[in-house]
Amino acid sequence: MILESALLDVLAGREEDFLVAFTEARPLIAVQPGFRSLALRRCLDEGRGSRFLLQVEWETLADHTEGFRRSAEYERWRTLLHPYYSPFPEVEHYGEPVLTA
């Protein structure tokens, strides 16, 4: 399992529109081969209410980078969500935990 992580800085004042669009976009990723789960969290720190943390679990890195990103569903995902980001998020991928508590 790999964990995709992205900090999403949403344009101020567009947060609720983004959440509506994300609700529409979620099924597009959920049907992808290798998709396991996702969590979208809003930042609680003062002055950071426009920042969200997206974490997606995939079976393999290729399920995300080659499967989803090359799919027709990704094109719709992009159309729905990318206009809300400024700056565009950096997406990173992580392996299994090296330490847990």
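No experiment lies behind these values; they were computed from the predicted model shown.
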Donor-acceptor pair, side chain of E15 and main chain of G13, under 3.5 angstrom: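 A pair under 3.5 Å: yes.
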
Expected output: side-chain R51 to main-chain L7 donor-acceptor under 3.5 Å: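 Absent.
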
Cluster overlap F22 with V20, hydrophobic side-chain contacts below 4.5 Å: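 Per the 4.5 Å side-chain linkage, F22 and V20 are not co-clustered.
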
Exercise: do E92 and S5 side chains pair donor with acceptor under 3.5 Å: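 Their side chains do not contain a donor-acceptor pair, so the 3.5 Å distance test is not met.
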
Let me confirm one number: the [atom1]-[atom2] distance from [X] to [Y], rounded to the nearest 0.5 Å.
| X | Y | atom1 | atom2 | result |
| --- | --- | --- | --- | --- |
| R48 | L44 | CZ | CG | 12.5 Å |
| L40 | L19 | CG | CG | 6.5 Å |
| E4 | L38 | CD | CG | 9.0 Å |
| E24 | R76 | CD | CZ | 5.0 Å |
| L53 | R42 | CG | CZ | 13.5 Å |
| C43 | L8 | SG | CG | 12.0 Å |

Return all side-chain donor-acceptor pairs below 3.5 angstrom for residues 77-90, not counting sequence neighbours, or 'none' if the list is empty.
residue : atom : partner : partner atom : Å
R78     : NH2  : E75     : OE1          : 2.9
T79     : OG1  : E75     : O            : 3.0

Heavy-atom side-chain proximity of F68 to V56 below 4.5 angstrom: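 Counting from C-beta outward, F68 and V56 never come under 4.5 Å.
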
F18 side chain reached by F52 side chain, heavy atoms, under 4.5 Å: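 Result yes, sub-4.5 Å side-chain heavy-atom pair found.
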
Kindly list each side-chain donor-acceptor pair under 3.5 angstrom involving residues 25-36, sequence neighbours excluded, with atom names and distances?
residue : atom : partner : partner atom : Å
Q32     : NE2  : L28     : O            : 3.1
Q32     : NE2  : E73     : OE1          : 3.3
R36     : NE   : E59     : OE2          : 3.4

